[in-house]
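Below is one structure, written out as C-alpha coordinates; comments come after it.
All values reported here derive from a predicted model rather than from experimental measurement. Convention: sequence-line order gives letters A, B, ...; per-chain numbering from 1.
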Amino acid sequence: SAVISQKPSRDICQRGTSLTIQCQVDSQVTMMFWYRQQPGQSLTLIATANQGSEATYESGFVIDKFPISRPNLTFSTLTVSNLSPEDSSIYLCSAGPFGNQPQHFGDGTRLSIL
Amino acid sequence: AQKITQTQPGMFVQEKEAVTLDCTYDTSDQSYGLFWYKQPSSGEMIFLIYQGSYDEQNATEGRYSLNFQKARKSANLVISASQLGDSAMYFCAMREGSYQGAQKLVFGQGTRLTINP
(Lines give C-alpha, C1' and ligand atoms only; values in the text may rest on other atoms or scores of the structure.)
Protein backbone atom coordinates (compact mmCIF):
# COMPACT_ATOMS: atom_id res chain seq x y z
CA SER A 1 0.00 0.00 0.00
CA ALA A 2 1.04 3.60 -0.52
CA VAL A 3 2.95 5.59 2.05
CA ILE A 4 1.55 8.95 3.07
CA SER A 5 3.92 11.31 4.86
CA GLN A 6 2.49 14.22 6.75
CA LYS A 7 4.36 17.00 8.51
CA PRO A 8 4.67 18.50 10.96
CA SER A 9 3.54 15.73 13.28
CA ARG A 10 2.66 18.27 15.93
CA ASP A 11 2.92 21.99 16.54
CA ILE A 12 2.02 24.58 19.11
CA CYS A 13 1.04 27.91 17.61
CA GLN A 14 0.08 31.36 18.80
CA ARG A 15 -3.39 32.75 18.29
CA GLY A 16 -3.80 34.69 15.07
CA THR A 17 -0.98 32.93 13.25
CA SER A 18 -1.27 30.29 10.52
CA LEU A 19 0.06 26.78 10.12
CA THR A 20 0.67 24.95 6.86
CA ILE A 21 0.54 21.16 6.90
CA GLN A 22 2.15 19.15 4.14
CA CYS A 23 1.06 15.79 2.80
CA GLN A 24 3.22 13.73 0.45
CA VAL A 25 2.15 10.47 -1.18
CA ASP A 26 4.67 8.07 -2.65
CA SER A 27 2.54 7.39 -5.73
CA GLN A 28 0.28 9.47 -7.92
CA VAL A 29 -3.31 9.73 -6.73
CA THR A 30 -6.32 11.46 -8.16
CA MET A 31 -7.89 12.62 -4.94
CA MET A 32 -6.50 13.79 -1.64
CA PHE A 33 -8.63 14.58 1.38
CA TRP A 34 -8.18 16.66 4.49
CA TYR A 35 -9.97 15.77 7.73
CA ARG A 36 -10.20 17.41 11.11
CA GLN A 37 -10.58 15.55 14.37
CA GLN A 38 -11.44 17.76 17.30
CA PRO A 39 -10.60 16.47 20.79
CA GLY A 40 -12.67 13.44 21.70
CA GLN A 41 -14.56 13.59 18.41
CA SER A 42 -14.71 11.66 15.19
CA LEU A 43 -13.20 12.71 11.88
CA THR A 44 -14.90 15.36 9.76
CA LEU A 45 -13.99 16.01 6.15
CA ILE A 46 -12.74 19.53 5.50
CA ALA A 47 -12.24 19.37 1.75
CA THR A 48 -11.34 17.26 -1.24
CA ALA A 49 -8.30 18.32 -3.24
CA ASN A 50 -8.00 17.36 -6.90
CA GLN A 51 -4.94 18.26 -8.90
CA GLY A 52 -5.51 21.14 -11.27
CA SER A 53 -8.76 22.35 -9.81
CA GLU A 54 -10.05 24.23 -6.80
CA ALA A 55 -10.59 22.23 -3.67
CA THR A 56 -14.15 21.27 -2.82
CA TYR A 57 -15.09 22.29 0.71
CA GLU A 58 -17.64 20.63 2.96
CA SER A 59 -20.37 22.56 4.68
CA GLY A 60 -18.98 24.62 7.52
CA PHE A 61 -15.48 24.95 6.06
CA VAL A 62 -14.36 27.90 3.93
CA ILE A 63 -11.38 28.55 1.75
CA ASP A 64 -10.34 31.69 3.61
CA LYS A 65 -9.88 29.70 6.80
CA PHE A 66 -8.55 26.48 5.26
CA PRO A 67 -6.78 27.25 1.96
CA ILE A 68 -5.57 24.13 0.19
CA SER A 69 -3.04 23.67 -2.56
CA ARG A 70 -2.63 20.63 -4.82
CA PRO A 71 0.23 21.41 -7.19
CA ASN A 72 0.73 17.85 -8.45
CA LEU A 73 -0.54 14.29 -8.11
CA THR A 74 1.59 13.42 -5.07
CA PHE A 75 1.46 16.51 -2.85
CA SER A 76 -1.00 18.78 -1.06
CA THR A 77 -0.93 21.39 1.67
CA LEU A 78 -3.59 22.55 4.09
CA THR A 79 -3.21 25.91 5.80
CA VAL A 80 -5.17 26.68 8.94
CA SER A 81 -5.38 30.46 9.10
CA ASN A 82 -5.97 32.98 11.88
CA LEU A 83 -5.63 30.31 14.53
CA SER A 84 -7.88 30.27 17.57
CA PRO A 85 -8.17 27.75 20.43
CA GLU A 86 -11.08 26.10 18.62
CA ASP A 87 -8.63 25.02 15.90
CA SER A 88 -6.84 22.71 18.33
CA SER A 89 -7.33 19.37 16.63
CA ILE A 90 -5.66 16.56 14.79
CA TYR A 91 -5.55 17.24 11.07
CA LEU A 92 -5.22 14.22 8.80
CA CYS A 93 -4.66 13.88 5.12
CA SER A 94 -5.87 10.88 3.19
CA ALA A 95 -5.43 9.67 -0.33
CA GLY A 96 -6.62 6.96 -2.63
CA PRO A 97 -7.53 4.74 -4.17
CA PHE A 98 -4.34 2.82 -4.88
CA GLY A 99 -5.41 0.13 -7.29
CA ASN A 100 -7.75 -2.04 -5.25
CA GLN A 101 -6.58 -0.57 -1.98
CA PRO A 102 -8.93 1.89 -0.33
CA GLN A 103 -8.03 5.14 1.36
CA HIS A 104 -5.06 5.40 3.65
CA PHE A 105 -4.17 8.17 6.05
CA GLY A 106 -1.08 10.10 6.99
CA ASP A 107 0.00 10.01 10.61
CA GLY A 108 -1.78 13.28 11.39
CA THR A 109 -0.75 16.69 12.67
CA ARG A 110 -1.62 17.43 16.26
CA LEU A 111 -2.16 21.19 16.55
CA SER A 112 -2.43 23.07 19.82
CA ILE A 113 -3.12 26.78 20.10
CA LEU A 114 -1.78 28.86 22.99
CA ALA B 1 -29.09 12.21 9.42
CA GLN B 2 -26.52 9.96 11.00
CA LYS B 3 -25.08 7.75 8.30
CA ILE B 4 -22.79 5.66 10.45
CA THR B 5 -23.79 4.63 13.95
CA GLN B 6 -21.49 3.05 16.48
CA THR B 7 -23.55 2.42 19.59
CA GLN B 8 -20.73 1.34 21.90
CA PRO B 9 -18.76 4.34 23.21
CA GLY B 10 -16.51 2.00 25.19
CA MET B 11 -15.78 -1.71 25.40
CA PHE B 12 -13.74 -3.61 27.98
CA VAL B 13 -12.54 -7.09 27.07
CA GLN B 14 -10.22 -9.62 28.65
CA GLU B 15 -7.06 -10.42 26.74
CA LYS B 16 -7.39 -13.38 24.35
CA GLU B 17 -11.16 -13.06 24.15
CA ALA B 18 -12.92 -12.24 20.89
CA VAL B 19 -14.65 -8.88 20.61
CA THR B 20 -17.32 -7.54 18.28
CA LEU B 21 -17.59 -3.83 17.58
CA ASP B 22 -20.93 -2.77 16.19
CA CYS B 23 -21.55 -0.54 13.19
CA THR B 24 -24.77 0.21 11.37
CA TYR B 25 -25.06 2.42 8.33
CA ASP B 26 -27.65 4.20 6.28
CA THR B 27 -27.46 4.75 2.56
CA SER B 28 -29.73 4.61 -0.45
CA ASP B 29 -26.83 3.83 -2.78
CA GLN B 30 -26.47 0.32 -4.16
CA SER B 31 -22.72 0.74 -4.46
CA TYR B 32 -20.81 1.68 -1.33
CA GLY B 33 -17.88 0.62 0.77
CA LEU B 34 -17.38 0.10 4.47
CA PHE B 35 -14.12 0.58 6.31
CA TRP B 36 -12.75 0.01 9.76
CA TYR B 37 -9.84 2.03 11.10
CA LYS B 38 -7.90 1.80 14.34
CA GLN B 39 -6.63 4.94 16.03
CA PRO B 40 -4.10 4.44 18.85
CA SER B 41 -3.46 7.21 21.34
CA SER B 42 -0.68 8.49 19.07
CA GLY B 43 -3.36 9.65 16.64
CA GLU B 44 -2.64 7.93 13.35
CA MET B 45 -5.42 6.16 11.49
CA ILE B 46 -4.58 2.56 10.70
CA PHE B 47 -6.64 0.85 8.00
CA LEU B 48 -7.89 -2.55 9.15
CA ILE B 49 -10.43 -3.95 6.74
CA TYR B 50 -12.69 -3.07 3.83
CA GLN B 51 -16.00 -4.49 2.57
CA GLY B 52 -17.58 -3.53 -0.71
CA SER B 53 -21.34 -3.62 -1.01
CA TYR B 54 -21.15 -6.15 -3.84
CA ASP B 55 -18.63 -8.41 -2.13
CA GLU B 56 -20.31 -11.74 -1.51
CA GLN B 57 -17.86 -12.96 1.07
CA ASN B 58 -17.24 -11.30 4.41
CA ALA B 59 -13.85 -9.60 4.44
CA THR B 60 -11.08 -11.03 6.60
CA GLU B 61 -7.59 -9.71 7.38
CA GLY B 62 -5.67 -11.78 9.86
CA ARG B 63 -7.38 -11.49 13.25
CA TYR B 64 -9.93 -9.04 11.85
CA SER B 65 -13.13 -10.03 10.12
CA LEU B 66 -16.11 -8.02 9.07
CA ASN B 67 -19.56 -9.44 9.72
CA PHE B 68 -21.44 -7.86 6.84
CA GLN B 69 -25.22 -8.16 6.97
CA LYS B 70 -26.47 -6.13 4.05
CA ALA B 71 -30.19 -6.47 4.71
CA ARG B 72 -29.71 -5.24 8.27
CA LYS B 73 -27.22 -2.57 7.13
CA SER B 74 -24.66 -3.66 9.65
CA ALA B 75 -20.91 -4.11 9.30
CA ASN B 76 -19.57 -5.29 12.62
CA LEU B 77 -15.85 -5.74 13.20
CA VAL B 78 -14.78 -8.94 14.91
CA ILE B 79 -11.34 -9.16 16.48
CA SER B 80 -10.34 -12.68 17.44
CA ALA B 81 -7.93 -13.47 20.26
CA SER B 82 -7.60 -9.89 21.44
CA GLN B 83 -4.21 -8.54 22.47
CA LEU B 84 -3.17 -5.68 24.74
CA GLY B 85 -2.02 -3.77 21.66
CA ASP B 86 -5.58 -3.77 20.36
CA SER B 87 -6.51 -1.11 22.91
CA ALA B 88 -7.42 1.93 20.81
CA MET B 89 -10.28 3.85 19.25
CA TYR B 90 -11.99 2.06 16.40
CA PHE B 91 -13.88 3.90 13.69
CA CYS B 92 -16.33 2.57 11.17
CA ALA B 93 -16.59 4.60 7.98
CA MET B 94 -18.54 4.50 4.75
CA ARG B 95 -17.80 5.58 1.21
CA GLU B 96 -20.83 6.26 -0.92
CA GLY B 97 -20.87 5.91 -4.66
CA SER B 98 -18.84 3.83 -7.04
CA TYR B 99 -15.25 3.02 -6.29
CA GLN B 100 -14.04 5.15 -9.17
CA GLY B 101 -16.20 8.04 -8.11
CA ALA B 102 -16.63 9.90 -4.87
CA GLN B 103 -14.18 8.74 -2.27
CA LYS B 104 -14.92 10.86 0.74
CA LEU B 105 -15.62 8.93 3.91
CA VAL B 106 -18.21 9.47 6.58
CA PHE B 107 -17.16 8.28 10.01
CA GLY B 108 -19.02 6.97 13.01
CA GLN B 109 -18.34 8.33 16.48
CA GLY B 110 -15.98 5.54 17.35
CA THR B 111 -15.67 2.87 20.02
CA ARG B 112 -12.89 2.96 22.58
CA LEU B 113 -11.69 -0.60 23.11
CA THR B 114 -9.71 -1.48 26.21
CA ILE B 115 -8.10 -4.88 26.54
CA ASN B 116 -7.51 -5.96 30.13
CA PRO B 117 -4.65 -8.34 30.98
B/Leu105, part contacting chain A, at a heavy-atom distance under 4.5 Å: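 When you check distances to chain A, atoms from both the backbone and side chain of B/Leu105 fall under 4.5 Å.
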Which bit of A/Leu45 comes within less than 4.5 Å of chain B, counting heavy atoms only: side chain, backbone, both or neither?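 The side chain, not the backbone.
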Residue pair A/Gln37 / B/Phe91: nearest heavy atoms and the distance that separates them: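 Where A/Gln37 meets B/Phe91 most closely, the heavy atoms are NE2-CZ, 3.5 Å.
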Spacing of [atom1] belonging to [X] relative to [atom2] belonging to [Y], to within rounding of 0.5 Å:
{"X": "B/Lys104", "Y": "A/Ile46", "atom1": "NZ", "atom2": "CD1", "value": "13.5 Å"}
{"X": "A/Gln103", "Y": "B/Phe47", "atom1": "CD", "atom2": "CZ", "value": "10.5 Å"}
{"X": "B/Ser42", "Y": "A/Arg110", "atom1": "OG", "atom2": "CZ", "value": "7.5 Å"}
{"X": "B/Gln39", "Y": "A/Ser42", "atom1": "CD", "atom2": "OG", "value": "8.5 Å"}

Under 6.0 Å from the [atom1] atom of [X], do we count more than 12 heavy atoms belonging to anything else shown?
{"X": "A/Gln38", "atom1": "CD", "answer": "yes"}
{"X": "B/Arg63", "atom1": "CZ", "answer": "yes"}
{"X": "B/Lys73", "atom1": "NZ", "answer": "yes"}
{"X": "B/Gln30", "atom1": "CD", "answer": "no"}
{"X": "B/Lys70", "atom1": "NZ", "answer": "yes"}

Shared ILVMFWY cluster between B/Val19 and B/Tyr64, side chains joined below 4.5 angstrom?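 Yes; tracing contacts between hydrophobic side chains, which count when under 4.5 Å, links both residues.
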If you group Ile, Leu, Val, Met, Phe, Trp and Tyr by side-chain heavy-atom gaps below 4.5 Å, do B/Leu48 and B/Val78 land in one group? no
So, do A/Phe105 and B/Tyr37 have ring centers that fall under 6.0 Å from each other? yes
Of the listed residues (A/Leu92, A/Leu43, A/Ile90), which shares the most heavy-atom pairs with chain B below a 4.5 Å separation?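 Highest number of pairs under 4.5 Å: A/Leu43.
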